[in-house]
Amino acid sequence: MAVLTIENVSKSFRDVSRGETIAALHEVSCTIGDQEFVAILGPSGCGKSTLLNILAGFDAPSHGRVLVDGRPIARPGPDRGVVFQEYALFPWLTVQQNIEFGLRGRAADRSATARRYVELVGLRGFEHRYPKELSGGMRQRVSLARVLAVDPAVLLMDEPFAALDALTRQLMQRELLEIWARTRKTVVFVTHSIDEALTLADRLYIMSARPGRILEVIDIDLPRPRDLAAPQVNDLRGRINGLIEGEVRRAFMERAQALDG
Amino acid sequence: MRSVARRTGRGAVPAAVRRLLTPVIVVLLWEGLVRVGVLDRRFIPPPSVVLATWFVWIFGRGTTISDPYVGTWLSSARDSAVRVALGFGAAAVVGVALGTLVGWFRAAEDLVDPLIQLLRPIPITAWVPFAIIFFGFYTMSAVFLIGLGAFFPIVVNTTAGVRQVPPILVRAARMLGTGSGEILFRVALPAALPSIFTGLRLGLGVAWVLVIVAEMVAVKSGLGYALWNSYYYLRTDVIVAAMFSVGGLGFLSDRILVRIAAHALRWAEAF
Ligand SMILES: Nc1ncnc2c1ncn2[C@@H]1O[C@H](COP(=O)(O)OP(=O)(O)OP(=O)(O)O)[C@@H](O)[C@H]1O
Ligand SMILES: [Mg+2]
């Protein structure tokens, strides 16, 4: 059980070298219900990773607060698993050891548990490989398995499939939906791809260009697996495209102006 | 294109032969020049004499008690090796431990790093008089100098390695429920291991330099002592044999360390 509450969250960074303050998030509020699959979409640099880092407990908001099940988030914890875009595997550990990493003193039979997750993400036979010996898609699956093994109530995923080729990406999306259907976690999924969001999410948060605000919330009440060519999906895609395009153009113009001035 | 052609064209001659060619030529030339008289054999002994001396130094039975270079090689080499092992071992333990603390904890950096940076530019040879006054003409002097010399590259590289631990790996560990103390051992140290081994290798090289320095002036045994002492007897053959002995032992210990590193770092992208 995990409900995420984001209340009036703003975040600014101090750019020490230029002596400026960069506003990354501006008064973001939303509630993500238990077992929901939520996607966050927005132009590059709008603060998506910043928001995810705050939910993970890596960073504190400048204003506002974030809660899990009503308790403020103070630090990272195994109740909120993070799948990093850069995989962040421990290169000195094998696949098996990476997946066991978070199971210290938790599961009585760590290695059996880890092996179960190796199978789940289809990496049987690769248990004793090091990350450097794996392809990008395989590394991403290890990263997913490592987080799933500690069984977090929340899954925070930052563009996890961005570096994958289209085919592997589809495969991973399907696997993720299967896992989610089985384990019913709350998922927050950051992506740049509208189609990926339309394939996966119950609800879509569209963010504005920096400083990131929530521009629009779109519910996707369509059964899965979804047909991306279906007319309802096409309608949604058109709408989202329009919103994002406007934001990207605005962000671009602002940057150009900042450069001129 | 030319280098490609050269690379493929040399397949006819085995690598071992190609690599031995230059040293063999140099040795033969050396021998020849001494025999012909171009080089004065009082100053430069021919390789054949060096080899014979070396053989006697290693395997000879002590018939002439007055000659210290009969059958004494093993005990000299052992003395030097033990000093290197003690000094290097101590430097490795202290250097890695201190380097890890300095790299990881701000407080340790503030307390210890200035002292390290203050002492580091002093050449280790400048410590020799101090070492002799403090420890006397004993093994401890040599171990101190070797330890001090090996300590700096080890501590500096360990510190750099621990500082460069990718923050995302620390985040990943914290997210998986790892406590901060545990992160030092389970993330920072393994991530710094490539740097640590670089420091150890540099330190070991310095250790072999310093054992010779120490034995020349501060201790009365070992290969360095033999090297210096034979100079007084103008035993140039022993000098050359001792030089290559030290080189050989240094090379051997480095190979061993590289083997260990290659195994410990088999996960690393490039090693
Ligand atoms: N640690 C930091 N220090 C200074 N500025 C930062 C820091 N982290 C992020 N920012 C700034 O905050 C803004 C939002 O960054 P963030 O990484 O959250 O964007 P994003 O939406 O994830 O972008 P992308 O889609 O490209 O990953 C950016 O302008 C970035 O430069
Ligand atoms: Mg990002």
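The chains referred to below are lettered A, B, ... by the order of the sequence lines, with proteins before strands, and numbering in each begins at 1.
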Using 0.5 Å steps for rounding, measure from the [atom1] atom of [X] to the [atom2] atom of [Y].
{"X": "Thr94(A)", "Y": "Arg266(B)", "atom1": "OG1", "atom2": "CZ", "result": "9.0 Å"}
{"X": "Arg104(A)", "Y": "Arg186(B)", "atom1": "CZ", "atom2": "CZ", "result": "4.0 Å"}
{"X": "Phe84(A)", "Y": "Arg171(B)", "atom1": "CZ", "atom2": "CZ", "result": "7.5 Å"}
{"X": "Glu269(B)", "Y": "Tyr130(A)", "atom1": "CD", "atom2": "OH", "result": "13.5 Å"}
{"X": "Leu265(B)", "Y": "Trp92(A)", "atom1": "CG", "atom2": "CH2", "result": "12.0 Å"}

Counting only heavy atoms closer than 4.5 Å, note whether [X] contacts chain B via side chain, backbone, both or neither.
{"X": "Arg146(A)", "value": "both"}
{"X": "Asn53(A)", "value": "side chain"}
{"X": "Ala56(A)", "value": "neither"}

At their closest point, which heavy atom of [X] faces which heavy atom of [Y], and how far apart are they?
{"X": "Gly177(B)", "Y": "Pro78(A)", "value": "CA-CD, 3.8 Å"}
{"X": "Phe90(A)", "Y": "Ala172(B)", "value": "CZ-CB, 4.2 Å"}
{"X": "Trp267(B)", "Y": "Lys132(A)", "value": "O-CD, 3.5 Å"}
{"X": "Arg174(B)", "Y": "Gly57(A)", "value": "NH2-O, 4.5 Å"}

Of Asn98(A), Leu103(A), Val150(A), Val82(A), which meets side-chain contact (heavy atoms from CB on, under 4.5 Å) against Leu176(B)? Val150(A)

With side chains defined as the heavy atoms from C-beta onward, is the minimum distance between Phe101(A) and Val187(B) less than 4.5 Å? yes

Would you say His192(A) has more than 12 foreign heavy atoms packed within less than 6.0 Å of its NE2? yes

Atom CZ of Arg182(A) with >12 non-hydrogen neighbours under 6.0 angstrom: yes

